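Just so it is clear, the model here is predicted, and its values are computed rather than measured.
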Amino acid sequence: GLTDLAGNALALVLPTIPFTIDPNEPTIDSGGLSLVFDSVDEDGNGAPELRGGYLQDLLRGTIQPRPVTRFSAVADSSQLTVAAMGAPFGVIDPLSRFGSRLMTVWRYHDLGFPLFEEPYLNIDVEGLYWSPSIPALQFDIFPQFQIGLAHSKKLPDEFVNTMAMPPVPLTPGSGLNETFADNLAEPLDVVHPKQLGYIILPSDLQTASTGLLIEPWPLNRNVPLSQFQRWTWRDTAKTMVGGPNSSGADTFIMAALWLPPLKAFPGAYASDNVPTLALPLLMDFRAYPSDSANGLNGLLAANASVFAQPYFRAFSTGGILPTGIPKKIDPDQQTIAVGGLTGAGVPTPPLDNSFYYGQADFVVRVSQVHSIWLDLTSASNFGSAVVEPTVASQPSGTGVSVAFRGATAMAPAPTAGLDPWESGLQIDPYGNAYATIVPNTGTFTPNFVNADPSWKNTLQELNGARFVQARITMVSNAESGVSPELSALGIPFFK
């Protein structure tokens, strides 16, 4: 009988509708594939069709994103990679009254996150904190202060090659460099505009779950939840890669220190091919020169290793020259790090291995879901995708979007058994093949349509493909906690 798009039988009996086909029209072989989410294995091949952050209601035949949850992660000696660093000390950058631009990074494992686990992918930064070097925090005002966030292009790895004589860092060039733009995998997202400024209040001093004293940066401070600025880190919808001159991911330092039950996968992603799930959180702080600021607060940092490289921060900071004349820094004019000045006016290097202690607050708001590669058995052209419920009918403040990519062939060629691209357990968080170092997974290489692996907004852009993959993005309302849902995804095709 007749059914709706989700496969439910229609209760209303419709009258017979006669139709005829024009014999002069060309023969069209048409069909469609659909996911209706009423089973974890809809095609019956013994493996799931989906990989990603989602919840599935088998009775209703729907999927929803992960629920809206909030959590914090601390970058201090409670983390194994940070504990292996030197003893913490105080630095002033970027809280200088003479102006400063500081670029610094936190890696995923510096906050205690493993490489692949879904709960720690696609997480939005809602708050940031620094740790004062002394408990006696000083009141201060910076009328102009900016914070920008991005995925870092660089993945510093301080692992030491003990086989060399004398021992040296394995990848000294894996860290940041002087040209600020070269450290970015993408343009900076300004989450705290400079005109909002920054007031440092001793009464805001808090204690993190690890006992670390922390003071909030001004991001989302004293504003209602509806006005929060958020930025998604470890975003698996972004396909750029980085990590030049690195050991790849997992980093060697993590693999050397990490202990069960957490797992490390050194070499899962190679140098210069590290995706966003392993690219560090890059924080760009800009304090603008001000006579109203006193710049007496120090921030807690540690040397990442006994060697100067790799570099974990790049900065330009003003100060007092030996002549007694102030040197002011406009951070917006700093394209290349020039370092700072000591109390005696001696220039400091623009790069070093200082690692900042602190905390980040996260919210789970965005969920990415990738399908397996769906085999249409031969080259096909496409109609418009069917999404139910429609995008327009989702709850207020939420969203669902679907992107697609296609391939004309797979290497190795399809077999009669279960191929790795046909299992959600054997694709990584980007829908790609895992590296062979990940157990129980197989490799495969799609021959992308027009040699273009990018995701498309419409199926018609994949005309000629035999294999199709979908990426579903579901965005929840971080204020109300309401989430969207999806009950059917249809892919119509003709040959």
Side-chain angles (χ1 to χ4, degrees), residues 5-6 35-37 50-57 59-73 118-128 147-151 186-193 195-196 216-239 276-277 281 360-371 384-404 429 455-458 470-490:
L5 288 172
L35 294 171
V36 295
F37 314 119
L50 302 177
R51 157 72 199 254
Y54 67 97
L55 302 176
Q56 188 168 6
D57 186 333
L59 293 178
R60 296 181 60 242
T62 62
I63 59 170
Q64 286 189 318
R66 301 169 297 173
V68 174
T69 55
R70 289 178 165 84
F71 64 97
S72 300
E118 298 291 349
Y120 308 108
L121 303 181
N122 300 293
I123 50 178
D124 277 43
V125 178
E126 276 196 331
L128 292 170
I147 302 175
L149 301 177
H151 286 92
E186 62 189 334
L188 274 173
D189 189 339
V190 176
V191 292
H192 182 81
Q195 65 270 20
L196 297 181
W217 292 109
L219 173 63
N220 294 328
R221 296 295 297 177
N222 303 313
V223 298
L225 196 61
S226 60
Q227 297 178 19
F228 269 29
Q229 297 294 313
R230 302 180 179 91
W231 179 81
T232 308
W233 182 34
R234 313 188 77 195
D235 187 346
T236 58
K238 294 178 178 178
T239 56
T276 54
L277 63 81
L281 171 63
D361 294 340
F362 298 102
V363 62
V364 175
R365 182 183 67 97
V366 179
S367 293
Q368 305 285 355
V369 182
H370 289 80
S371 78
S384 297
V386 177
V387 177
E388 288 291 339
T390 63
V391 173
S393 64
Q394 298 292 345
S396 175
T398 72
V400 172
S401 60
V402 185
F404 304 92
W455 293 89
K456 309 299 183 184
N457 292 325
T458 65
R471 184 186 69 202
I472 304 166
T473 301
M474 296 181 285
V475 181
S476 298
N477 187 320
E479 182 180 359
S480 67
V482 174
S483 296
E485 70 175 12
L486 193 62
S487 62
L489 172 61

Closest non-hydrogen atom pair, Ala470 against Val402: CB-CG1, 4.2 Å
Minimal non-hydrogen separation, Leu55 against Pro67, with atom names: CD1-CD, 3.7 Å
Interatomic spacing from CG in Asp235 to CG in Leu121 - rounded to 0.5 Å: 10.0 Å
Residue pair Thr232, Lys238: steps toward the side chain to side chain contact (heavy atoms under 4.5 Å, CB included) verdict: CA-CA 10 Å; Thr232 308; Lys238 294 178 178 178; over 6 Å; no
Short N-O contact, Glu118 and Arg66, less than 4.0 angstrom: no
Minimum side-chain heavy-atom gap Leu50-Leu35 below 4.5 Å: yes
Shortest non-hydrogen contact from Gly53 toward Val369: O-CG2, 3.9 Å
Any donor-acceptor pair under 3.5 Å from Glu186 side chain to His151 backbone: yes
Shortest non-hydrogen separation from Leu225 to Arg70 and the atoms involved: CD1-NH2, 3.6 Å
Distance-only side-chain donor-acceptor flag, Asn122 / Thr236, under 3.5 Å: yes
From Arg51 atom CZ to Gln368 atom CD, the distance as rounded to the nearest 0.5 Å: 12.0 Å
With Ser476 via side-chain contact (heavy atoms from CB on, under 4.5 Å) - residues at least two apart: Pro65, Val68, Ser483, Pro484
Nearest atoms (heavy-atom pairs only) where Ala385 meets Phe404: CB-CZ, 3.6 Å
CA sep, side-chain torsions, deciding dist, call: Thr62, Phe37, side chain to side chain contact (heavy atoms under 4.5 Å, CB included): CA-CA 5 Å; Thr62 62; Phe37 314 119; 5.7 Å; no
Beyond-backbone contact of Val366 with Asp124, side-chain heavy atoms, under 4.5 angstrom: yes
Value rounded to 0.5 Å, distance of OG1 in Thr69 from CZ in Phe362: 12.0 Å
Derivation of the side chain to side chain contact (heavy atoms under 4.5 Å, CB included) call for Arg230 and Val191: CA-CA 7 Å; Arg230 302 180 179 91; Val191 292; over 6 Å; no
Any donor-acceptor pair under 3.5 Å from Ser367 side chain to Met474 backbone: no
Side chain to side chain, Gln394 and Pro389, heavy atoms closer than 4.5 Å: yes
Test of ring centre spacing under 6.0 Å for Trp231 and His192: no
Aromatic plane relationship, Tyr120 with Phe71 - under 30° parallel, 30 to 60° tilted, over 60° perpendicular: perpendicular
Distance in Å, Ile147 CD1 paired with Trp217 CH2, rounded so as to fall on 0.5 Å steps: 7.0 Å
Any donor-acceptor N or O pair under 3.5 Å, side chains Asn477, Thr398: no
Flag side-chain contact, heavy atom, 4.5 Å: Val363 against Ile123: no
Contact check, side chains of Leu128 and Leu149, non-hydrogen atoms, under 4.5 Å: yes
Minimal non-hydrogen separation, Asp361 against Ser72, with atom names: OD1-OG, 2.6 Å
Any donor-acceptor N/O pair, Asn220 side chain to Glu126 backbone, under 3.5 Å: yes
Approximate separation, where rounding is to 0.5 Å, of Leu486 CG and Tyr54 OH: 12.0 Å
